[in-house]
Chemist: 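Pasting in a structure now, in structure tokens, and then I'll have a few things to ask.
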Amino acid sequence: DIQMTQSPSSLSASVGDSVTITCRASKTVSTYLNWYQQKPGRAPNLLIFASSTLQSGVPSRFSGTASGTDFTLTISGLEPDDFATYYCQQSYSTPYTFGQGTKLEIK
Amino acid sequence: QVQVVQSGAEMKKPGASVIVSCKTSGDVFTGYFIHWLRQAPGQGPEWMGWINPNSGVTKYAQKFQDRVTITTDTSVNTAYMELKKLTVDDTAVYYCARDMVWHQIRGYFEYWGLGTLITVSS
């Protein structure tokens, strides 16, 4: 199975800040890397697929990049609605696997 | 507007089986793969398997291979996930999610149900 390692596991930031979350795959996933946002008691919500393609309706302050087996999710100009847990997920091969999550909290 | 509606929470005893249903509307049911995932308390999501509603072909995670069965009833636009031989470690919220691309498996979980809490306890 492909292991996905996210860092940091938690992050404190203020409204207006920019933050970056990193995800590393244990082997190549090409660009089949997706990002989700999850709020307590809710299902995950797809933000970015194929490493850098923004899902319809997702604000442009979210962006994704890829470099080999390293991937980043950047949120530029945090808004109150962005404080949540973020997961990366590879869809290169089954079993599809997720990172352990990054909890973004208000400072 | 695509909607995904799952069946309600259940409580089961160890060794029992559970079936969770997932009904989609607002689009062509047989056009998109359906995935099942689960999320244990405080953990990230875990993918269990997918089904192609157009053909009935399934793919399961090795971890669940001998205990899970995913099926569909295209007459009612509903997918089902049966998990057998439940243990306390199977306590989780179970989600179905629709893939994004027409007639292709991408593993992009675009539309999710609200989740079904399955509690396994003696």
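These numbers were taken from a predicted model, which means no experiment stands behind them. Here is the naming used below: chain letters follow the sequence lines, and residue numbers restart at 1 for every chain. These values consider heavy atoms only, across backbone and side chains, with no hydrogens, waters or symmetry-generated copies.
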Chemist: Short of 3.5 Å, which donor-acceptor contacts do chain B and chain A share? List atoms and distances.
Modeler:
unit_1	atom_1	unit_2	atom_2	d
B:Gln39	OE1	A:Gln38	NE2	2.8
B:Gln39	NE2	A:Gln38	OE1	2.9
B:Gln39	NE2	A:Tyr87	OH	3.4
B:Tyr95	OH	A:Arg42	O	3.4
B:Arg106	O	A:Ser91	OG	3.2
B:Gly107	O	A:Gln89	NE2	3.0
B:Phe109	N	A:Tyr36	OH	3.0
B:Glu110	OE2	A:Gln55	NE2	3.2
B:Trp112	NE1	A:Pro44	O	3.4

Chemist: Quick one: salt bridge (Lys or Arg N to Asp or Glu O under 4.0 Å) pairs with a partner in residues 29-38 of chain A, sequence neighbours left out?
Modeler: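 Qualifying pairs: none.
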Chemist: Quick one, B:Cys96 and B:Val4 - any side-chain contact, counting heavy atoms below 4.5 Å?
Modeler: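 The answer is yes, as the side chains (C-beta and beyond) meet within the 4.5 Å cut-off.
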Chemist: Taking A:Phe98 as the starting point, is it possible to reach B:Val68 by hopping between hydrophobic residues whose side chains are less than 4.5 Å apart?
Modeler: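 No; A:Phe98 is not reachable from B:Val68 via cluster members.
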Chemist: Heavy atom to heavy atom, less than 4.5 Å: which residues from residues 72-88 of chain B reach chain A?
Modeler: none
Chemist: Below 4.5 Å from any heavy atom of chain A, which atoms of B:Met48 appear? Answer side chain, backbone, both or neither.
Modeler: neither
Chemist: If you count heavy-atom pairs under 4.5 Å between each of A:Gly99, A:Pro44, A:Gly41, A:Ala50 and chain B, which one has the most?
Modeler: A:Pro44
Chemist: Group every Ile, Leu, Val, Met, Phe, Trp and Tyr by side-chain heavy-atom contacts under 4.5 Å, then state whether B:Met100 and B:Ile34 land in the same group.
Modeler: no
Chemist: Side-chain heavy atoms under 4.5 angstrom apart, residues restricted to Ile, Leu, Val, Met, Phe, Trp, Tyr: same cluster for B:Val5 and B:Ile19?
Modeler: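 Hydrophobic grouping puts B:Val5 apart from B:Ile19.
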Chemist: Provide the closest heavy-atom pair for A:Phe83 versus A:Ala13 in the form atom of the first, atom of the second, distance.
Modeler: CE2-O, 3.4 Å
Chemist: Answer yes if B:Leu114 and B:Val18 sit in the same cluster of Ile, Leu, Val, Met, Phe, Trp and Tyr residues linked by side chain heavy atoms under 4.5 Å apart, and no otherwise.
Modeler: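 Hydrophobic grouping puts B:Leu114 apart from B:Val18.
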Chemist: Indicate if B:Val93 and A:Leu46 have the same hydrophobic cluster label, given that clusters are the connected sets of ILVMFWY residues with side-chain heavy-atom separations under 4.5 angstrom.
Modeler: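 Yes, one cluster joins them.
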Chemist: Of the non-hydrogen atoms in A:Ala25 and A:Ile2, which two are nearest, and what is the gap between them?
Modeler: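 The answer is CB-CG2, 4.3 Å.
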Chemist: Tell me, which pairs form a ring pair (Phe, Tyr, Trp, His ring centres under 6.0 Å) where one or both residues lie in residues 12-31 of chain A, sequence neighbours left out?
Modeler: none
